[in-house]
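Below is one structure, written out as C-alpha coordinates, with a few remarks after it.
In each ligand, atom 1 is the first atom listed, and ligand 1 is the first ligand listed. Predicted, not measured: the structure shown is a model, and the values here were computed from it.
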Amino acid sequence: MIPRIIVHGGAWKIAEETHADHIAGVHAAAEAGWQILAAGGSALDAVEQAVVMMEDDPTFDAGVGSVLNRAGEIEMDAILMDGRTLKLGAVAAVRGITNPIRLARLIFDDTDHSLLVGEGARRFAEAKGMRLCAQAELTVPREIERFRRLQQMPDYHLAYEFAPDPQGTVGAVAIDAEGHVAAATSTGGAAYKLPGRVGDSPLVGSGAYADDLTGAASATGHGESIMRVVLCKTATDAIGRGMSAQQAAEFAIRTLFERVGGYGGVIVADRHGQVGFAYNTPHMAVAWVEPDGTVRARIKD
Ligand code: GLY
(Lines give C-alpha, C1' and ligand atoms only; values in the text may rest on other atoms or scores of the structure.)
Protein backbone atom coordinates (compact mmCIF):
# COMPACT_ATOMS: atom_id res chain seq x y z
CA MET A 1 0.00 0.00 0.00
CA ILE A 2 1.29 3.48 -0.88
CA PRO A 3 0.83 5.58 2.27
CA ARG A 4 -1.31 8.72 2.09
CA ILE A 5 -2.02 11.65 4.39
CA ILE A 6 -4.40 14.61 4.22
CA VAL A 7 -4.63 17.41 6.81
CA HIS A 8 -6.90 20.40 7.45
CA GLY A 9 -6.41 23.68 9.26
CA GLY A 10 -10.03 24.66 9.70
CA ALA A 11 -12.92 25.83 7.60
CA TRP A 12 -15.07 28.99 7.85
CA LYS A 13 -14.20 32.27 6.18
CA ILE A 14 -10.44 32.63 6.36
CA ALA A 15 -9.25 36.23 6.06
CA GLU A 16 -7.39 36.88 2.82
CA GLU A 17 -4.31 38.28 4.56
CA THR A 18 -3.87 35.00 6.47
CA HIS A 19 -4.23 32.65 3.50
CA ALA A 20 -0.46 32.32 3.02
CA ASP A 21 0.04 31.41 6.70
CA HIS A 22 -2.72 28.81 6.52
CA ILE A 23 -1.29 27.30 3.34
CA ALA A 24 2.23 27.21 4.82
CA GLY A 25 0.93 25.63 8.04
CA VAL A 26 -1.05 22.82 6.45
CA HIS A 27 1.72 22.19 3.91
CA ALA A 28 4.31 21.77 6.69
CA ALA A 29 1.98 19.50 8.68
CA ALA A 30 1.27 17.22 5.71
CA GLU A 31 4.98 17.07 4.93
CA ALA A 32 5.83 16.15 8.55
CA GLY A 33 3.26 13.37 8.61
CA TRP A 34 4.40 12.12 5.22
CA GLN A 35 8.03 11.87 6.39
CA ILE A 36 6.90 9.43 9.09
CA LEU A 37 4.82 7.38 6.65
CA ALA A 38 7.56 7.33 4.02
CA ALA A 39 10.01 5.97 6.60
CA GLY A 40 7.63 3.08 7.34
CA GLY A 41 6.00 4.71 10.39
CA SER A 42 2.41 4.18 11.46
CA ALA A 43 -0.61 6.21 10.43
CA LEU A 44 -1.18 6.90 14.13
CA ASP A 45 2.26 8.49 14.57
CA ALA A 46 1.86 10.42 11.33
CA VAL A 47 -1.47 12.04 12.22
CA GLU A 48 -0.25 12.87 15.73
CA GLN A 49 2.86 14.61 14.39
CA ALA A 50 0.90 16.50 11.73
CA VAL A 51 -1.47 17.82 14.39
CA VAL A 52 1.39 18.75 16.74
CA MET A 53 2.82 20.92 13.95
CA MET A 54 -0.46 22.80 13.64
CA GLU A 55 -0.96 23.07 17.42
CA ASP A 56 2.46 24.75 17.57
CA ASP A 57 1.56 27.13 14.74
CA PRO A 58 -0.27 30.23 16.10
CA THR A 59 -2.18 30.56 12.82
CA PHE A 60 -4.66 27.91 13.92
CA ASP A 61 -7.28 27.57 16.68
CA ALA A 62 -5.50 24.68 18.41
CA GLY A 63 -2.73 24.65 21.01
CA VAL A 64 -0.92 27.99 20.69
CA GLY A 65 -3.40 30.40 19.06
CA SER A 66 -6.54 28.86 20.58
CA VAL A 67 -9.60 31.05 20.99
CA LEU A 68 -10.69 32.41 24.39
CA ASN A 69 -13.97 31.42 26.01
CA ARG A 70 -16.46 33.79 27.58
CA ALA A 71 -14.40 33.92 30.78
CA GLY A 72 -11.25 34.79 28.82
CA GLU A 73 -9.83 31.27 29.32
CA ILE A 74 -8.46 28.71 26.87
CA GLU A 75 -10.02 25.23 27.06
CA MET A 76 -8.95 22.75 24.39
CA ASP A 77 -10.30 19.49 22.95
CA ALA A 78 -8.46 16.75 21.01
CA ILE A 79 -8.85 13.16 19.85
CA LEU A 80 -6.74 10.51 18.20
CA MET A 81 -8.10 7.17 16.90
CA ASP A 82 -6.51 4.00 15.55
CA GLY A 83 -8.34 2.15 12.76
CA ARG A 84 -6.71 -1.20 13.61
CA THR A 85 -8.33 -1.60 17.01
CA LEU A 86 -10.89 1.26 17.10
CA LYS A 87 -9.06 2.41 20.23
CA LEU A 88 -8.99 6.12 20.93
CA GLY A 89 -7.62 8.72 23.31
CA ALA A 90 -9.32 12.08 23.80
CA VAL A 91 -9.26 15.15 26.03
CA ALA A 92 -11.90 17.83 26.53
CA ALA A 93 -11.84 21.29 28.09
CA VAL A 94 -8.21 20.87 29.13
CA ARG A 95 -6.17 23.91 30.14
CA GLY A 96 -2.50 24.76 30.48
CA ILE A 97 -0.75 22.43 28.04
CA THR A 98 0.66 23.25 24.61
CA ASN A 99 -0.18 20.00 22.82
CA PRO A 100 -3.56 18.41 23.68
CA ILE A 101 -3.03 15.80 20.95
CA ARG A 102 0.07 14.53 22.82
CA LEU A 103 -2.09 14.18 25.92
CA ALA A 104 -4.70 12.29 23.88
CA ARG A 105 -1.89 9.96 22.77
CA LEU A 106 -0.82 9.36 26.39
CA ILE A 107 -4.40 8.47 27.31
CA PHE A 108 -4.46 6.13 24.30
CA ASP A 109 -1.13 4.48 25.17
CA ASP A 110 -1.13 4.43 28.96
CA THR A 111 -4.71 4.09 30.20
CA ASP A 112 -7.80 1.95 29.80
CA HIS A 113 -9.85 5.10 29.34
CA SER A 114 -10.91 6.94 26.20
CA LEU A 115 -11.68 10.50 27.31
CA LEU A 116 -10.40 12.66 30.16
CA VAL A 117 -11.77 16.14 30.83
CA GLY A 118 -10.81 19.39 32.52
CA GLU A 119 -8.75 19.35 35.68
CA GLY A 120 -8.46 15.55 35.68
CA ALA A 121 -6.94 15.65 32.21
CA ARG A 122 -4.50 18.36 33.26
CA ARG A 123 -3.50 16.42 36.38
CA PHE A 124 -2.94 13.29 34.26
CA ALA A 125 -0.71 15.34 31.93
CA GLU A 126 1.32 16.53 34.91
CA ALA A 127 1.60 13.00 36.32
CA LYS A 128 2.91 11.82 32.95
CA GLY A 129 5.60 14.51 32.94
CA MET A 130 4.04 16.77 30.33
CA ARG A 131 5.10 20.36 30.72
CA LEU A 132 2.29 22.56 32.05
CA CYS A 133 2.19 26.13 30.78
CA ALA A 134 0.60 29.41 31.71
CA GLN A 135 -2.32 30.53 29.55
CA ALA A 136 -0.17 33.44 28.33
CA GLU A 137 1.98 30.94 26.42
CA LEU A 138 -1.04 29.83 24.39
CA THR A 139 -2.59 33.27 23.89
CA VAL A 140 -1.98 35.34 20.78
CA PRO A 141 -2.89 39.05 20.31
CA ARG A 142 -5.36 38.15 17.53
CA GLU A 143 -7.47 36.19 20.03
CA ILE A 144 -7.33 38.89 22.73
CA GLU A 145 -8.65 41.33 20.13
CA ARG A 146 -11.36 38.89 19.05
CA PHE A 147 -12.38 38.34 22.69
CA ARG A 148 -12.69 42.09 23.26
CA ARG A 149 -14.73 42.47 20.07
CA LEU A 150 -17.09 39.68 21.09
CA GLN A 151 -17.55 41.19 24.56
CA GLN A 152 -19.15 44.15 22.77
CA MET A 153 -21.68 41.83 21.05
CA PRO A 154 -24.17 40.77 23.76
CA ASP A 155 -26.24 38.72 21.31
CA TYR A 156 -23.28 36.77 19.95
CA HIS A 157 -23.76 33.03 19.62
CA LEU A 158 -21.81 30.23 18.03
CA ALA A 159 -23.72 29.78 14.77
CA TYR A 160 -21.69 29.94 11.59
CA GLU A 161 -23.38 33.06 10.28
CA PHE A 162 -22.00 35.02 13.24
CA ALA A 163 -18.59 33.40 13.57
CA PRO A 164 -15.78 35.85 12.95
CA ASP A 165 -12.80 34.37 11.12
CA PRO A 166 -10.61 32.44 11.45
CA GLN A 167 -11.87 29.27 13.17
CA GLY A 168 -9.00 26.90 12.62
CA THR A 169 -9.64 23.52 14.20
CA VAL A 170 -6.90 21.22 12.85
CA GLY A 171 -6.90 17.57 11.87
CA ALA A 172 -5.19 14.81 9.94
CA VAL A 173 -6.07 11.38 8.54
CA ALA A 174 -3.65 8.86 7.08
CA ILE A 175 -3.21 5.34 5.80
CA ASP A 176 0.16 3.68 6.27
CA ALA A 177 2.11 1.12 4.23
CA GLU A 178 0.43 -1.73 6.15
CA GLY A 179 -3.03 -0.42 5.27
CA HIS A 180 -3.89 0.85 8.75
CA VAL A 181 -5.78 4.12 9.04
CA ALA A 182 -5.80 6.74 11.81
CA ALA A 183 -7.39 10.12 12.52
CA ALA A 184 -6.54 13.04 14.81
CA THR A 185 -8.27 16.35 15.54
CA SER A 186 -7.41 19.24 17.89
CA THR A 187 -9.10 22.56 18.65
CA GLY A 188 -9.46 25.49 20.98
CA GLY A 189 -13.15 25.18 20.10
CA ALA A 190 -15.54 28.00 19.32
CA ALA A 191 -14.68 31.60 20.10
CA TYR A 192 -16.49 33.02 23.13
CA LYS A 193 -17.96 29.65 24.06
CA LEU A 194 -19.35 29.15 27.55
CA PRO A 195 -16.75 27.80 30.00
CA GLY A 196 -17.01 24.00 29.98
CA ARG A 197 -18.44 23.85 26.46
CA VAL A 198 -17.16 20.82 24.56
CA GLY A 199 -17.51 20.72 20.79
CA ASP A 200 -17.50 17.90 18.29
CA SER A 201 -13.73 17.51 18.09
CA PRO A 202 -13.06 15.10 21.01
CA LEU A 203 -16.26 13.11 20.45
CA VAL A 204 -15.64 9.82 18.69
CA GLY A 205 -17.47 9.67 15.37
CA SER A 206 -18.13 13.41 15.36
CA GLY A 207 -14.70 15.13 15.34
CA ALA A 208 -12.80 12.07 14.10
CA TYR A 209 -13.23 8.40 13.28
CA ALA A 210 -10.93 5.65 11.99
CA ASP A 211 -11.74 2.05 11.04
CA ASP A 212 -9.46 -0.13 8.90
CA LEU A 213 -12.59 -1.72 7.38
CA THR A 214 -13.68 1.60 5.83
CA GLY A 215 -11.39 4.60 6.34
CA ALA A 216 -10.66 7.63 8.51
CA ALA A 217 -12.12 11.15 8.77
CA SER A 218 -11.50 14.40 10.68
CA ALA A 219 -13.98 17.29 10.89
CA THR A 220 -13.95 21.04 11.33
CA GLY A 221 -16.74 23.57 11.60
CA HIS A 222 -19.78 24.22 13.78
CA GLY A 223 -19.42 21.63 16.52
CA GLU A 224 -23.01 21.71 17.74
CA SER A 225 -24.16 20.77 14.20
CA ILE A 226 -21.37 18.28 13.49
CA MET A 227 -22.14 16.22 16.58
CA ARG A 228 -25.82 15.97 15.64
CA VAL A 229 -24.99 14.11 12.42
CA VAL A 230 -21.90 12.29 13.83
CA LEU A 231 -20.12 13.65 10.78
CA CYS A 232 -16.97 11.52 10.61
CA LYS A 233 -18.81 8.24 11.20
CA THR A 234 -21.30 9.35 8.56
CA ALA A 235 -18.37 9.74 6.15
CA THR A 236 -16.67 6.42 6.96
CA ASP A 237 -19.98 4.52 6.90
CA ALA A 238 -20.51 5.92 3.40
CA ILE A 239 -17.20 4.35 2.36
CA GLY A 240 -18.55 1.07 3.75
CA ARG A 241 -21.49 1.42 1.38
CA GLY A 242 -19.13 1.72 -1.59
CA MET A 243 -18.34 5.42 -1.88
CA SER A 244 -14.83 6.72 -2.58
CA ALA A 245 -13.12 9.02 -0.07
CA GLN A 246 -14.17 12.06 -2.11
CA GLN A 247 -17.78 10.90 -2.51
CA ALA A 248 -17.97 10.11 1.21
CA ALA A 249 -16.66 13.58 2.16
CA GLU A 250 -19.24 15.23 -0.11
CA PHE A 251 -22.03 12.99 1.21
CA ALA A 252 -21.16 13.83 4.83
CA ILE A 253 -21.17 17.59 4.21
CA ARG A 254 -24.45 17.33 2.29
CA THR A 255 -25.90 15.44 5.27
CA LEU A 256 -24.60 18.13 7.66
CA PHE A 257 -26.41 20.85 5.75
CA GLU A 258 -29.57 19.01 4.72
CA ARG A 259 -30.29 17.46 8.13
CA VAL A 260 -29.31 20.25 10.53
CA GLY A 261 -28.37 23.29 8.40
CA GLY A 262 -24.76 22.94 9.60
CA TYR A 263 -21.55 24.33 8.15
CA GLY A 264 -18.12 22.74 8.19
CA GLY A 265 -15.60 20.60 6.40
CA VAL A 266 -14.24 17.06 6.49
CA ILE A 267 -11.15 15.25 5.24
CA VAL A 268 -11.29 11.54 4.46
CA ALA A 269 -8.89 8.70 3.63
CA ASP A 270 -10.37 5.40 2.50
CA ARG A 271 -8.96 1.90 2.99
CA HIS A 272 -7.91 1.80 -0.68
CA GLY A 273 -5.49 4.70 -0.19
CA GLN A 274 -7.58 7.44 -1.75
CA VAL A 275 -8.08 10.81 -0.03
CA GLY A 276 -10.83 13.41 -0.37
CA PHE A 277 -12.27 16.51 1.25
CA ALA A 278 -15.41 18.65 1.16
CA TYR A 279 -16.71 21.78 2.90
CA ASN A 280 -19.67 24.15 2.63
CA THR A 281 -17.97 27.18 4.19
CA PRO A 282 -16.24 29.82 2.06
CA HIS A 283 -12.82 28.27 2.73
CA MET A 284 -11.03 25.26 4.17
CA ALA A 285 -7.25 25.04 4.54
CA VAL A 286 -6.22 21.58 3.37
CA ALA A 287 -3.05 19.81 2.25
CA TRP A 288 -2.40 16.28 1.07
CA VAL A 289 0.47 14.23 -0.28
CA GLU A 290 0.21 12.60 -3.70
CA PRO A 291 1.45 9.00 -4.09
CA ASP A 292 4.72 10.36 -5.57
CA GLY A 293 5.37 12.47 -2.45
CA THR A 294 4.28 15.82 -3.91
CA VAL A 295 2.53 17.98 -1.30
CA ARG A 296 -0.49 19.97 -2.50
CA ALA A 297 -2.14 22.66 -0.38
CA ARG A 298 -5.15 24.87 -0.98
CA ILE A 299 -7.63 27.02 0.82
CA LYS A 300 -10.42 27.18 -1.78
CA ASP A 301 -11.14 25.16 -4.95
N1 GLY B 1 -15.37 22.12 15.44
C2 GLY B 1 -14.78 22.65 16.59
C3 GLY B 1 -15.74 23.05 17.62
O4 GLY B 1 -16.88 23.37 17.33
O5 GLY B 1 -15.36 23.06 18.77
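Nearest protein neighbour of atom 5 (O) of ligand 1, counting heavy atoms only, is R197 NH1, 2.6 Å.
Of the polar atoms of G223, at least one N or O is found under 3.5 Å from an N or O of ligand 1, judged by distance alone. Of the polar atoms of G221, at least one N or O is found under 3.5 Å from an N or O of ligand 1, judged by distance alone. The N/O atoms of D200, backbone and side chain alike, include one that comes under 3.5 Å of an N/O atom in ligand 1.
For the side chain to side chain donor-acceptor pair (under 3.5 Å) condition, the pairs that include at least one residue of residues 204-213, sequence neighbours left out, are H180-D212.
Each of the following atoms of ligand 1 lies closer than 4.0 Å to a heavy atom of G189: 5 (O). Near G199, meaning under 4.0 Å from any of its heavy atoms, are these atoms of ligand 1: 5 (O). Residue-ligand proximity, T169 to ligand 1, at heavy-atom distances under 4.0 Å covers atoms 1 (N), 2 (C). Proximity to S201 (heavy-atom distance under 4.0 Å) selects the following atoms of ligand 1: 1 (N), 2 (C).
A29 pairs by the side-chain contact (heavy atoms from CB on, under 4.5 Å) definition with V7, A50, M53, M54, not counting sequence neighbours.
Residue D292 places its CG atom among more than 12 non-hydrogen atoms of other residues, nucleotides or ligands, all under 6.0 Å distant. Crowding of I144 atom CD1: a count of heavy atoms from other residues, nucleotides or ligands under 6.0 Å exceeding 12.
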Exercise. Verify ring pair (Phe, Tyr, Trp, His ring centres under 6.0 Å) between Y263 and W12, making sure each step is shown before the conclusion.
Key: CA-CA 8 Å; Y263 289 90; W12 306 108; 7.5 Å; no
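The cluster map of Ile, Leu, Val, Met, Phe, Trp and Tyr, joined by side-chain heavy atoms under 4.5 Å apart, puts V295 and I6 in different clusters.
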